Student: 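Let me begin by handing over the structure; questions about it come next.
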Amino acid sequence: MSNSTLQPTDEPRTSRPDPATDETVLELDGVSKTYGDERVIDDLSLSVADGEILTLLGPSGCGKTTTLRLIAGLERPDGGTVSLDGSAVAGDGDFVAPERRGVGVVFQEFALFPHMTAEENIAFGLKDRPEAAREARVDEMLDLVGLDAHRESRPDELSGGQQQRVALARSLAPEPEMLLLDEPFSNLDVDLRVEMREEVRKIIKEAGVTAISVTHDQEEALSISDRVAVMDDGRIEQVDRPEQVFQHPESRFVAGFLGHASFLSGYVGGGSVETGLGTLDRDRIHGLAEEYEGTKLDVLVRPDDLRAEPVATAESADGVVTHRRYLGPTVLYRVELGNGDVLECMHNHTDQVAVGTNVAVGLDADHDLAWFPASQR
């Protein structure tokens, strides 16, 4: 793990907003959900603060969409409680219907009514308001999402990004306590996906609503969120700010799921760590306590932390290039060191290093490095 204790990493983690500064809107306490013999959610606890955008991130089948459905009231938990604004809405004999929870949902496929215009779709959930108030709220939402000029357009006359904004406006129109987004960008092409991530975050922040998003896309989660909860096998592995989960992952799963992860084996001795790339000062390793003196560990390095330079002879090399992957703007090289460690290095697309080339590997990272005990491999 990347901190200074050897506590087990398979214990369920609970993340709670700071009560001194944040108001908790949502709290899941020991929530579980089983389908048949399969436990999909396992003792999951999580808190979300007022105005926060939190993303549930994980691979397909990890339980993130089920968690979203439990929050929305589309599923009932088998154990634990779900609370909104301090009141239980599920668990301990309580269950509040979805329509009474004050929660808006933006589905993956947008689910717009094809026969209705943009303004009619947005007004759909406002039937209980007087006509003047309903029209004013629709105008406000169309202005918020920048679609006033398309108020009379039906979904098939709108682009994918415009349809998403209508779906978002429709969910925000009734002024929900919380907004839930289920893989909101997966139906958009790559370029539009990036643009809409920025648009949606801006709209949610301007609306001042608390939001929970679900995705398997690491870049999306890191870019849109105030905090990210990384899930695996029905449990939360880590929840924290995007920068923290990326730079200081608390498990090897989190390290690998959030991007390319290589592990540099080392031995702690004195004020340094001996590795296949030479000696690292101990203060470059994040939270490495004195108790680890004389132990083996694995240092996490990302491709952008490393650089491979060709050398003339095998004797002067750290390793040899075993694989090259062209990615357009960049090239990813895989290097096998003399001690058997395999590292990935990211270079500019103009660099040309052939497979089989002897290379010296430089560690260019200007930040402290996360690590894991070698015993946890």
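Treat the numbers as computed from the prediction; the structure is a model and nothing was measured.
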Student: Can Asp226 and Lys205 be counted as an ion pair, charged N to O under 4.0 angstrom?
Tutor: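 Result for this pair is yes, salt bridge flagged.
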Student: Any chance you could measure Glu140, atom CD, to Ile122, atom CD1, to the nearest 0.5 Å?
Tutor: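 Between atom CD of Glu140 and atom CD1 of Ile122 there are 11.0 Å.
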Student: Take Asp341 and Thr275 through the test side chain to side chain contact (heavy atoms under 4.5 Å, CB included) and record every step on the way to the result.
Tutor: CA-CA 10 Å; Asp341 288 349; Thr275 76; over 6 Å; no
Student: Begin from the C-alpha positions of Thr81 and Asp92 and carry the test side chain to side chain donor-acceptor pair (under 3.5 Å) through to its verdict.
Tutor: CA-CA 7 Å; Thr81 59; Asp92 291 338; 5.1 Å; no
Student: Side chain to side chain contact (heavy atoms under 4.5 Å, CB included) between Tyr292 and Leu297: does it pass, once the steps are laid out?
Tutor: CA-CA 9 Å; Tyr292 290 96; Leu297 51 73; 5.6 Å; no
Student: Between Gly125 and Pro174, which heavy-atom pair has the shortest distance, and what is it?
Tutor: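 Answer, listing the atom of Gly125 first, then Pro174: O-CG, 4.1 Å.
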Student: As an exercise, state the distance from CD of Glu219 to CD1 of Ile224, rounded to the nearest 0.5 Å.
Tutor: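 Interatomic distance, Glu219 CD to Ile224 CD1, rounded to 0.5 Å: 12.0 Å.
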Student: For the side-chain contact (heavy atoms from CB on, under 4.5 Å) test, which of Leu54, Val228, Leu56, Val48 pairs with Val239?
Tutor: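 Among Leu54, Val228, Leu56, Val48, the one meeting side-chain contact (heavy atoms from CB on, under 4.5 Å) with Val239 is Leu54.
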Student: Are side-chain heavy atoms of Leu180 and Asp182 found at a separation under 4.5 Å?
Tutor: no
Student: Both conditions, 6.0 Å and 45 degrees, for the charged tip of Arg101 above the ring of Phe95: are they met here?
Tutor: yes
Student: Atom CZ of Phe253 and atom CG of Asp232: how far apart are they, to the nearest 0.5 Å?
Tutor: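 Going from the CZ atom of Phe253 to the CG atom of Asp232 covers 3.5 Å.
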Student: Would you indicate whether the side-chain heavy atoms of Val245 and Leu57 approach each other to under 4.5 Å?
Tutor: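 Answer no - side chains too far apart.
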Student: Would Asp143 and Asp148 count as a side chain to side chain contact (heavy atoms under 4.5 Å, CB included) here? Give the steps.
Tutor: CA-CA 6 Å; Asp143 182 63; Asp148 186 66; 5.7 Å; no
Student: In terms of side-chain geometry, is the basic nitrogen of Arg154 or Glu157 positioned less than 4.0 Å from the acidic oxygen of its partner?
Tutor: no
Student: Are any of the side-chain nitrogens in Arg193 or Glu220 under 4.0 Å away from the carboxylate oxygens of its partner?
Tutor: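 Looking at Arg193 and Glu220, the cut-off is not met.
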Student: Enter the distance from Arg284:CZ to Asp366:CG here, rounded to the nearest 0.5 Å.
Tutor: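 Atom-to-atom, Arg284:CZ and Asp366:CG are 9.0 Å apart.
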Student: So, Ser225 side chain and Ile53 main chain: donor-acceptor pair closer than 3.5 Å or not?
Tutor: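 Here the side-chain-to-backbone pair does not exist.
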Student: So, for Ala312 and Ser316, which heavy atoms are closest and what is the spacing to 0.1 Å?
Tutor: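 Heavy atoms of Ala312 and Ser316 come nearest at N-OG, 4.3 Å.
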Student: Do Arg324 and Val353 come within less than 4.5 Å of each other through their side chains, counting heavy atoms only?
Tutor: no
Student: Donor-acceptor check, side chain of Thr357 to backbone of Ala354, threshold 3.5 angstrom: yes or no?
Tutor: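 Side chain of Thr357 to backbone of Ala354: a pair is present.
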Student: Got Leu28 and Ser45 here, is their nearest side-chain heavy-atom distance under 4.5 Å?
Tutor: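 Counting from C-beta outward, Leu28 and Ser45 never come under 4.5 Å.
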Student: Tell me if a side-chain donor or acceptor on Gln162 pairs with a main-chain N or O of Ser159 at a distance below 3.5 Å.
Tutor: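 It does hold such a pair.
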Student: Would you list the pairs meeting ring-ring contact (aromatic ring centres under 6.0 Å, His included) in which at least one residue belongs to residues 201-245, sequence neighbours left out?
Tutor: none
Student: Is there a donor-acceptor pair closer than 3.5 Å between any side-chain N or O of Asp78 and the backbone N or O of Thr34?
Tutor: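 Yes: the side chain of Asp78 pairs with the backbone of Thr34.
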Student: Is the Phe124 ring parallel, tilted or perpendicular to the Phe113 ring (thresholds 30°, 60°)?
Tutor: tilted
Student: Checking side chain to side chain donor-acceptor pair (under 3.5 Å) for the pair Asp217/Thr215: CA distance, chi angles, key distance, verdict?
Tutor: CA-CA 5 Å; Asp217 186 311; Thr215 186; 5.4 Å; no
Student: Can you name the closest pair of heavy atoms from Ala255 and Leu300 and give their distance?
Tutor: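 Reported closest heavy-atom pair: CB-CD2, 4.1 Å.
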Student: Taking the side chain as everything from C-beta on, heavy atoms only, tell me whether Leu332 gets closer than 4.5 Å to Pro303.
Tutor: yes
Student: Is it the case that over 12 heavy atoms from other parts of the model lie below 6.0 angstrom from the CG atom of Asp233?
Tutor: no
Student: Say you draw a straight line from CG of Leu172 to CG of Leu144; how long is it, rounded to the nearest 0.5 Å?
Tutor: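 The distance works out to 6.5 Å.
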Student: Check for a donor-acceptor pair, side chain of Asp281 on one end and backbone N or O of Asp283 on the other, with a separation under 3.5 Å.
Tutor: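 Here the side-chain-to-backbone pair does not exist.
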Student: Looking at Pro59 and Phe257, what are the two nearest heavy atoms and their distance?
Tutor: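 For Pro59 and Phe257, the tightest heavy-atom pair comes out as N-CZ, 3.5 Å.
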Student: Is the CD atom of Glu131 crowded by more than 12 outside heavy atoms at less than 6.0 Å?
Tutor: no
Student: Can a donor-acceptor pair be found, under 3.5 Å and without considering hydrogens, that links the side chain of Arg201 to the backbone of Ser223?
Tutor: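 Between the backbone of Ser223 and the side chain of Arg201 there is no qualifying donor-acceptor contact (under 3.5 Å).
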Student: Answer yes or no: is there a side-chain heavy-atom contact under 4.5 Å between Thr210 and Leu26?
Tutor: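 They are not in contact (no side-chain heavy atoms under 4.5 Å apart), so the answer is no.
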Student: Mind listing the closest non-hydrogen atom pair of Ser171 and Val105 along with its distance?
Tutor: OG-O, 2.9 Å
Student: Take Arg197 and Val194 through the side chain to side chain contact (heavy atoms under 4.5 Å, CB included) test and state the conclusion after the steps.
Tutor: CA-CA 5 Å; Arg197 287 201 300 253; Val194 173; 3.6 Å; yes
Student: Identify which one of Leu46, Asp29, Thr67, Val89 satisfies the side-chain contact (heavy atoms from CB on, under 4.5 Å) criterion when paired with Val82.
Tutor: Val89
Student: Under a 3.5 Å distance rule, please check whether Arg282 uses its side chain to pair with a backbone N or O of Ala289 as donor and acceptor.
Tutor: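 Checking the backbone N and O of Ala289 against the side chain of Arg282, a donor-acceptor pair under 3.5 Å is found.
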Student: ring-ring contact (aromatic ring centres under 6.0 Å, His included): which pairs involve residues 310-356, sequence neighbours left out?
Tutor: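 Sorted pair list: Tyr333-His347.
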Student: Which heavy atom of Ala317 sits nearest a heavy atom of Val311, and at what distance?
Tutor: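 Distance-wise, the nearest heavy atoms are CB-CG2, 3.5 Å.
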Student: Return yes if some donor-acceptor pair links the side-chain N/O of Glu309 with the main-chain N/O of Val361 below 3.5 Å, else return no.
Tutor: no
Student: Tell me if a side-chain donor or acceptor on Arg165 pairs with a main-chain N or O of Ile203 at a distance below 3.5 Å.
Tutor: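 No, the answer is negative, given that no donor and acceptor are paired below the 3.5 Å cut-off.
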Student: Taking the side chain as everything from C-beta on, heavy atoms only, tell me whether Ser262 gets closer than 4.5 Å to His260.
Tutor: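 Ser262 does not reach His260 side chain to side chain.
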Student: To the nearest 0.5 Å, how far apart are CG in Leu147 and CG in Leu142?
Tutor: 6.5 Å
Student: Mind checking whether Gln238 and Ser251 have side chains closer than 4.5 Å, heavy atoms only?
Tutor: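 They are not in side-chain contact.
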